[in-house]
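Keep in mind that what you see is a predicted model, and the values were worked out from it rather than measured.
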Amino acid sequence: LKENRNHEDARTSRIYFQRLKYLEAATAIFIVLSFAVSALEYEIAFSNQYEHIQADILYMMSIFTLLIMITIILRYHTVVLFLRARKEISAAEGLFPHLKGRQLAIELLLVIAHPNALMQGTRVYTAVLSDTPGLYYEVNEILNILQLARLFILLRFLFMRSPYFGPSARRIGGMYDVETHYLFCIKASMKTSPIKLIALSAGISLFVFSYALHISERATSRIGQVRGFESYANVLWNVIETMTTVGYGEYTAATFIGRVMTFFVGLWGVLTVSMMATALTNVLSMGILELRAYMIIQKLRLKKEMEKRAAVTASLTAKMARKASKGEKLSYNDIVLLRNSTKEFRAIKRLYRAPDLEGFTLNEEMTREFSFFRSELSDLQWRQKKLNDAVQQIVDEAEELEEQSLAQKEQQENVKPNINQNQVLQYKFWKDYHPTLPPVMESSHSMEASLVYNEPNHIN
C-alpha cells in the first residue's frame, strides 16, 4: 500500500538527497586534485624537466579519472533512487532509465578525456589551421584543455548547496508545475544575490579561459615566436580586456585553438556585462516596503514645503492688503511674487494629495499602518496576559509547596519522645555503674536521654 501511493516518501528522498550531496562533494574533490596534477604535469612536460616522474604523474591522473567516473556512476544510481522515492519514475524502468542512461554516457565521455601515459610524446601539427607554420601540440596538452569540461560538475556541486534545489524546493515547485532545476537556481540566485553570482561566474571563467589560452598560445614559443602568452599575468590581462570588450590589442592569439578560445571569451564577456547591468538595476531598484517608506517620507517633505509656501503666500497677501488699506499703489513685482507663490503652493498641494503608486494617500497609508500596529499591539498584550497568568500560577504553586514544607517541619519539631523522669534516672544510674545499657534502656534511647547523660553526674 505504501508503494502504491502517489505522493513521495519524504524521509527516504531526504536520505537519498543527502547521499547525493556527499557523492557530489567527493567528485568535486577528485576533480580539483586532477586539475592540480594536470597543471603540474603540463609544466613539467613543457619544460622537459623531471621526465622520470612525468609518467607517474600521468598514471596518477588516470587514477583520479577512474575515481571520478566511479563517483559519477554512483551519483546517477542515487539520482534514480531519489526520483523513485519522489514517485517521479517507477521501479519498472530499470536501474538507469533511458534519459538518465544517456546523460550518464555523455558525462562519462566528457570526463574520460585526460592526459595519460599512452599519449605521452605524441604530437599533432597544426600548420594548416594557423598562420604559424611548423607549430605542433602535444596530445596531452589538447587533452589538458578538454578536461576543463569537468568544471560543470563543480558548478553542479555548488548548485546542490543552494536552498532552491533540495527536496523541499522540488515539492514546492511541484505545487506550481515548476521544475526546480539548475536554471531555476540561477534565476533565484539572480533575484537574491546577483552580485555574488556574477562575481563567482566571472572568477571561474577567468581561470578557465586564461589556462586554456596559456596552453594554446604558449606552443608558439617552441618555434621561436614569443607573443607574451607565456606569462599567466599577460594571459589574464588579455582575457579581462576581451571579456570587457575593450580589446587594446596588446596580445593577440595566433593559433587556431587560441582564436577559438578568444571567440568564446568575447561571447561570455558580452553575456557577463549584460548580467552585470541587469544585476545593478535590480540592486538599485526599490522593493515594496522601501517604496512605501519612500512615499511616506516624500509626502512628509511635501507637507513641510506646502506649509512654507502657505506662510509665504499669507505674508505676501497681508503685505498687499496693508498697502491697499493705506491707499498705496500695488507694485507689479508684488503681484508677480504673489502669483508665483500661489502657483507653487497649489502645485505642491496637488502632489501632496495625489495618491501613490498603490492608490493610497498619506492619511490612508498612515491609518493602515497604525491599524496594523494596533492589531500587533493587541496580540502582544494577549500574549503578555497569558504569560502573566502562567507566571502567577507558577508562583502560587511555589508558595503552596513552601507552606507544605513549613507545616511538615513544624510537625516534626512538635513530636517529642514519651520518656518519663523514672526512665531518665534509670538511664543515668545504669550509665554510671554499668558499662553497657540493659535491653530496655537501649530501646528507650533518645535525644533527651543523651542530653541528660552528657550533663555532670550528680544524682540526688
**OP:** Could you walk me through whether N238 and V235 pass the side-chain contact (heavy atoms from CB on, under 4.5 Å) test, one step at a time?
**Re:** CA-CA 5 Å; N238 179 266; V235 177; 5.6 Å; no

Original post:
Any side-chain donor-acceptor pair under 3.5 Å between Q147 and S38?
Top reply: yes

**OP:** Answer yes or no: does atom OH of Y136 have more than 12 heavy-atom neighbours from other residues, nucleotides or ligands under 6.0 Å?
**Re:** yes

Subject >> Donor on one side chain, acceptor on other, T313 and S341, under 3.5 Å >> reply: yes

Original post:
Can a cation-pi geometry be assigned to R156 and Y182, taking NZ or CZ under 6.0 Å from the six-membered ring centre and within 45° of the ring axis?
Top reply: no

Subject >> Pairwise distance CG(L158) to CG(L200) - rounded to 0.5 angstrom >> reply: 6.0 Å

Subject >> Ring-face cation contact, F35 with R150, 6.0 Å cut, 45° max >> reply: no

Original post:
Can we call the ring centroids of F229 and H214 under 6.0 Å apart?
Top reply: no

Original post:
Is it true that R309 and E305 have a side-chain N and a carboxylate O under 4.0 angstrom from each other?
Top reply: yes

Original post:
For M276, does the CE atom have more than 12 heavy-atom neighbours from other residues, nucleotides or ligands under 6.0 Å away?
Top reply: no

**OP:** Go through R222 and E141 one step at a time and tell me if the salt bridge (charged side-chain N to carboxylate O under 4.0 Å, His left out) criterion holds.
**Re:** CA-CA 14 Å; R222 292 194 181 106; E141 293 177 355; 2.3 Å; yes

Subject >> Enclosure of F152 CZ (heavy-atom neighbours >12, cutoff 6.0 Å) >> reply: yes

Subject >> Mutual orientation of the aromatic rings belonging to F207 and Y211 [parallel < 30°, tilted 30-60°, perpendicular > 60°] >> reply: parallel

Subject >> H114 side chain to I112 backbone, donor-acceptor under 3.5 Å >> reply: yes

Original post:
Does NZ or CZ of R170 fall inside the cone over F165's six-membered ring, less than 6.0 Å from its centre and within 45° of the axis?
Top reply: yes

Original post:
Just wondering, are more than 12 heavy atoms of other shown residues or ligands nearer than 6.0 Å to CD in Q384?
Top reply: no

Original post:
Any chance the rings of F159 and Y164 have centres within less than 6.0 Å?
Top reply: no

